Structure formats: structure tokens, C-alpha cells
Amino acid sequence: MKNWIRWPGFLAFLLFTILFVGGFYFFAETLLKAAIEHTGTEIVGAKVELDHADITTSPLGVELHNLQVTNPEDPMVNAVQIGRIELHMHTLALLRRKIIVDEMHVEKVRLNTQRTTSGEVAAKPIKKPSSETNESFDFSMPSVEMPDVKDILAKETLESEKMVDEAQVNIDNSKQKWDKKIPELPDKAKFDAYSETLKSITPVKTGNKLKDLKALSIAVDELITIKKNVQSDLDQLTSAGKELREDVNLIKNDIKAISQASSNDIARLTQKYSPSSSGLSNISRLLFGETVTQWSSVAIDWYKRLAPKLLNTTTSKQHEEEHVPRHKGIDIKFKEYTPLPDFLIKSTRVSLELESGNMNGEVKDISSDQQILGRPLTFLFDAERMDNLNKLTFSGNFNHIKPDDSIDTVNLNLTGYKVSHFTVSQSQSFPLSLDSAVADIVLNGELKQGKLNANLASQVKSANFVMSPNTPLDKKTGKFTKTIGEALKSVKTFDVTADLRGTIKNQDIDISSNLDAVIKNAMGAQFKQKAQAFEKELNNKVEAKIKGLTAKLESQLGKFSGIQQNMDSKKKNAKESIKAIDAKIDSFKNEKESELNKEIQSVKDKTKDKLKDRLKDKFR
Amino acid sequence: MLNTLATLLKVLNSETRPSQISLALAFAMIIGFTPLFSLHNLLVILLVLVIRVNLATFFLGFALFSGIGYLLDPLFHEFGQLVLSNEAMQQLWVSLYNSTVWRLAHFNNTIVMGSLLISLALFVPVVLAANYLITKYRTSLLQWVNKIKIVQIIKGSKLITVYRSLTRLGS
């Protein structure tokens, strides 16, 4: 057994343990600094730097000096620079892998400080605001030039023109149809043939009365047959005539509809191209849209970076889909007798050193597991009588106690904020700035179950709008730009309201201001005059164009009148033929009747004579 | 690579008892399979240093089993999750979870639990199997291996000469 034990191994183990622990302690501050810089850079997407970190063992605590967080969108500027952070941790909790801090002090916090070196991370290029976002608020003055009607008519397809084409197709089809149909209808030759046949029907008289009567009957029968044929031809002509009238009526209706469509075309083009002041109806969106979008995107961007780490914004669904990192596994959480979150800073006292003065605030319950803690993260910052504002209150509540039913709210209340040299529009076509003003701003924002709803209301007093005097004015819009500039110079009080709705990824911004009415009034008369002139010209040109086209269509209706007349003439022929046949039939019938009567009378006379003779014989 | 091969041959061909080599291999399996910075590995290191196991084999085994362990990670995770979510054992896990020492041991991690249980389960079989194979090797294959040209080249190489002189100095 003795051979199995290596007693110096104990010493080696002790040496190994001491070296390991000692080494860890020796390098702990360096390791902590590296960990903070690495993790911070990962979260922010730009360099996070720390001058140095101190670790104290009794009580277990950390002190961080000069923490610089680069603004990811401007690598030469620190979004925030913190002079000193001090915190003390619960040692026993730390052994149980829980960071519990009762109070943390964050001192000398400064915003937007200049960096000496770029904080850009090479691997992850700084995400510049997309040009698309800028374009959406690019200040383009509504067009006030009267558009060229000729150009408009050249590029626009008129509904009435389409209808003209359709009517032409209908006319062509009808023409083809009637060209094909006319030869099929009974023509003059046919009626002439009837006349000839009619003339030729004459009963041949032999003197034999019976034979003559039979010849008359045959002639009448032949005449009736011809009459039937003529009647059939007449019916055919009548039906064709009716069809032709219907076709012509349809074409006439098409032409009528074209006139109506041209009125609609004029109305549509007027609405589309007429110089209108409607573009100015939401000029406040153009004036303040860029600023509001910029502020909201910065706020949302930081929320997206920090919330997943500080608030554990993962919903239960996302938990189910969580990827298990290789070689790390997952830590299963069991019920704790005294439940505590993995990470908790009960109170963080922050002192900010701003250009206009100092501001203090407190953030409570920064925790990775609000569902365990049962309390939301809250914060409150306030300041009074700073250089450029009377009073500021900034508070918020991030409630993720139920991750699937999270509600985050922020409220900002600024009173007497002195605005100075605020660039309203950087656009070269409209370089407007608010030289000085006093604003009261109220912001209320809520993010409930992923749905964003924020409202910013600002009342501005003592406003002094200034337009850059050296900017060359655009030829087309210069006059109007100047008019708007002049109108805004007289504005001393105005309000702006911005509503932000949507989700964290996609928001709609609605901005309104009473400045809209001021500008619209100033511009309205000029726009109205231009619009009337444009409408008149458009009306004349469209009507002239369509009238020409409809006249061409109408002229083609003449062909159908010719066909109609031809058919009427044929119908007349048919009717005359029928009349002639009827007359001849009547004449033959009369002749036959007269012959029959004569014959009957002759038979009667003969019979009478015979009877007389017989009576004479009897009485003799 | 040559150095590793030489070390392995030296150990196998030496007078070191097979049980010392196989035990070192089994300890290396634990430390290789489980995450290195785990509390139980401190105990493994203590045992490796105090019990007269072959240290060269331990280090070689550690490298080998670390590689295998990386490949078996998904298996360790699945097994650890299965054990930790076992309803019948919940009471035990809850009581351990509320103990500081056990929390330091990080037993609630699926990979720590899975890999530790699997390596402990394989500990005895690995010792016995390695023992048997080393004995077999020494009785049947040793002479034949020594005659292979590549082995002779390795044994005669300058690196091995230096290594031997160093190990002699060390002993």
C-alpha cells in the first residue's frame, strides 16, 4: 500500500492550488477589466474601454475607473463616459453564482464626450443610419411649377382614349359582320326574279270551262308559294334591320360613354398634377420628422442592445427555442429555499455631469430575473434650475415580471427648456434653424408585449426661426421657400405633437403641428391661382383630343346608315311584291269565281228547262 | 507527435505496473470528459498527484479524452438533462441546489452532470480493460514492436535521447 502513496504529491497539490489561487488573485483585476471591455464591446457593437479595475476582498467589491462606451454611430464620440463605479457584492451569494449588490454608485457620468482614438470595432462595422431613413424626411418643397400639359398627356394613358380604341374595335367587328351578312340577305336580283316569275304565271285558257278553272287554281297555288318565299325574305330583312339598329345603338352608347370618361380623366389628372398646397398640409413632418426619427432610433437602438442583458427580455417561446452552446450546456434552475436572481443591483445611484449642470437619479432593481425578484426595474432622474432648463423629470418602469406580458414605460417632463441654435432642417433647399426658443416637452412611451406606443407633446414659446441667408435658392421652389421662411419668422408660439406606433423593429411616426396651418395659409393663394390655370389648360387639351377621336368614330356610323337604307329599300320591294302577288291572286280568284258562277247558272238553267219540259209532258 | 508516440512507447515498455497506467488513464478520462474548471477536478488532481499513478499517461490521456469529450458533448448534455429533470430525483437536486458547496460544483449544469456520471460509470471498466490490454501487450506484442523499424528509429532519435537524459535527471 505504501508503494501506492506518493506523499510529495500532497505538497505538489498544495503548491498547485496556491499557485492557481494566487495567480487568479494576481490577475483578477486584469481579467475583470478584459471581461468588462470584451462583454461591453459585444453588447454595444463599439469599443468599451476601462482605465482600470480594483477588487477589494473585505468587503468583496469592485471599483471601476473611467469607463468609456463608444457611440456605435459615431466612433469618435463616447455615448457615455463614467468616472467611477463602485459596488459591493454579497460574498456567499457569489459562491452560489449570484451577483447581489445592495448599492452601486455611478459617479461623474458624462454624455457625448470626445474620444482621442476611434472606438470603431473592425470586425463589426459601425452601422450608419440608412440613407433610406434620411430620404424619407428629406426636405423637398412641394412642386409649385405648373406642369406641362403636353408632357402629361404624352405620358399618361387616358381612360377615354382606351374607350375610343375599344369602340373602334367594336365598329370594325360590326363592319366585318355586316360585310359578311349583307350578301347572305335577299338582293334586288332576287326580287326582280320574283317579278319575272309573277308575270309569267298566267292560266292558259282552252275554252273548256273545267280545264280553265283547274288552270286558274294551279296559278293561284303557284302565286301563294311565291308569296311565302317573299314573306320569308321580308322576315329575314326585318330581323337583320333590327340587329343592325342594335349594333348602331351600342356604338352610339360607346361614343357617349367616351365623353363621360374624358371628364373623369380631366378630374383625375387635375388631382394628380395640379399644383396644390396639400403637400404643405404636413410640413411639420418634414420639419421635425428627421429629429424625432433620430431620437427615437437612438432610444430604440440602446433599448435593443441593453434590454436583453439587463431585463432578460426572452419570452417563454424564445426560451423553448434557445440554442444550447457547445461545451457549455445549460444550467438547470431548481427551486431555491430563498429565491434570488442571478444578478441584482438593488439600488444604483447615478450622478450626471451635464453641460448645463448636474443631475442625480436612482435606478432600482436592475435584475436578470424579475420573475424571481417580483419587482420591476424603475428609475427616476430629476434636476432643477439647470443652465438651460427649469425642471426635468425622467422616470421609467421596466416590468418583465411576466416575460410574456411585459410592460415598459418611460416618462420625460421638461419644463422651460431653452433651445439654442437647433437645426430644424439640414436640407440645402430649406436650411431652417430655431435660433432660440423655450420649450416644454412631455414624452410618454410604452412598450407593451412588443407593441410600441409613444407620444411626445411640445409647446414652444419665444421661437425665433432663422433661414440661412447664404443658401442659393432653387429656381423652381425658391419663391415658395422664401415665403415659408418669412411666414415662419413671424411665428413665436407653436406646438408639435409626435406619435410613435408600431413595434421595436418597425415604427410609424405621425407628426403634427399648428405650423402646418400657418404655412398653408401663407402659400394657399399662390397655389390656387396656379391650379386654376392648369385645370383650364388640361380641360381644353383633353376635350379637344377626345372630340377629334369621337368625331372620327361618328363618321364611321355613315356606313351603317347606308346598309340600313339598302335594307329598307329591299323591304319595300318585298312588300310591293307581296302586294302584287296578292292582287294577282285576288284577280285569279275573282275570275275563277265568276266562271264558276256562270257555270252554276248554266247548269241551273238547263235543269230548269228540263223540269219544265217534263211537266209539260205530264199535263199534256 | 513523435515525442507523444515515444512517451507512450516508453510508458508501455517500462517497468511501470499496468494498474498505475490504467488508473492514470481512468483519471484522465474524468478530467478530459468533464469541463476543466470544475470543483470535482480539483479532487481528481489531488488523487493523481498523491496516488502513484503514471503522470505521463495521465497527461497523454487528458489530451486524448478532451478530444473525445468534445465530440461527445451533445451526448453528455442530453444525458445530464435527462438525469437533472428526472422527477424522482428532484428532491435531491433541490437540496443540493440549496447548498453552497454543490452550487460551486456546478452540478446543475447538464454537461457537468452528464459527463461526470458517464466518466464515473466508465471508470472501472476502463481500468480493467486497460490493465488487460497492457498485460497482453507486454506478453505478446512487446518483442515484435521493438523490432519494427519505425520504433527503432524513434528510440534512436536525438529527441528521445535528450528526453531520456532529462527524465533520468528528473528521477
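Nothing here was measured: the structure is a model prediction, and the numbers come from that model. Here is the naming used below: chain letters follow the sequence lines, and residue numbers restart at 1 for every chain.
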**OP:** Taking A/Glu37 for its side chain and A/Leu50 for its backbone only, find out whether a donor-acceptor pair lies under 3.5 Å.
**Re:** yes

Original post:
Given the options A/Phe13, A/Phe16, A/Phe20, which has more heavy-atom pairs under 4.5 Å with chain B than any of the others?
Top reply: A/Phe13

**OP:** Could you check which of B/Asn108, B/Leu23, B/Ile45, B/Ile51 has the highest count of heavy-atom pairs closer than 4.5 Å to chain A?
**Re:** B/Asn108

**OP:** Tell me, for B/Ser99 versus chain A, whether the close heavy atoms (under 4.5 Å) come from the side chain, the backbone, both or neither.
**Re:** backbone

Original post:
Does any donor atom in the side chain of A/His52 or A/Asn66 lie under 3.5 Å from an acceptor atom in the other side chain?
Top reply: no

**OP:** Go through B/His106, B/Gln81, B/Met113, B/Gln90 and name the one with the most non-hydrogen pairs under 4.5 angstrom from chain A.
**Re:** B/His106

Subject >> Partner chain A: residue of B/Leu42, B/Val53, B/Leu46 with the largest heavy-atom pair count (under 4.5 Å) >> reply: B/Leu46

Original post:
B/Leu104, B/Val112, B/Leu96: which one forms the most heavy-atom pairs within less than 4.5 Å of chain A?
Top reply: B/Leu104

**OP:** Before giving the answer on ring pair (Phe, Tyr, Trp, His ring centres under 6.0 Å), spell out for B/Phe27 and B/Phe123 the whole-Å C-alpha distance, their side-chain angles and the decisive distance to 0.1 Å.
**Re:** CA-CA 8 Å; B/Phe27 280 128; B/Phe123 190 87; 5.3 Å; yes

**OP:** Would you mind checking which part of B/Ser95 comes under 4.5 Å of any heavy atom in chain A, side chain (CB onward), backbone (N, CA, C, O), both or neither?
**Re:** both

Original post:
Can B/Asn98 and A/Glu336 be counted as having a side-chain donor-acceptor contact under 3.5 angstrom?
Top reply: no

Original post:
Taking the six-membered ring of A/Trp7, is the NZ or CZ of B/Arg52 close enough (under 6.0 Å from the centre) and on axis enough (within 45°)?
Top reply: no

Original post:
Going by atom types only, do A/Glu362 and A/Thr348 share a side-chain donor-acceptor pair under 3.5 Å?
Top reply: no

Original post:
What part of B/Phe107 lies closer than 4.5 angstrom to a heavy atom of chain A: side chain, backbone, both or neither?
Top reply: side chain

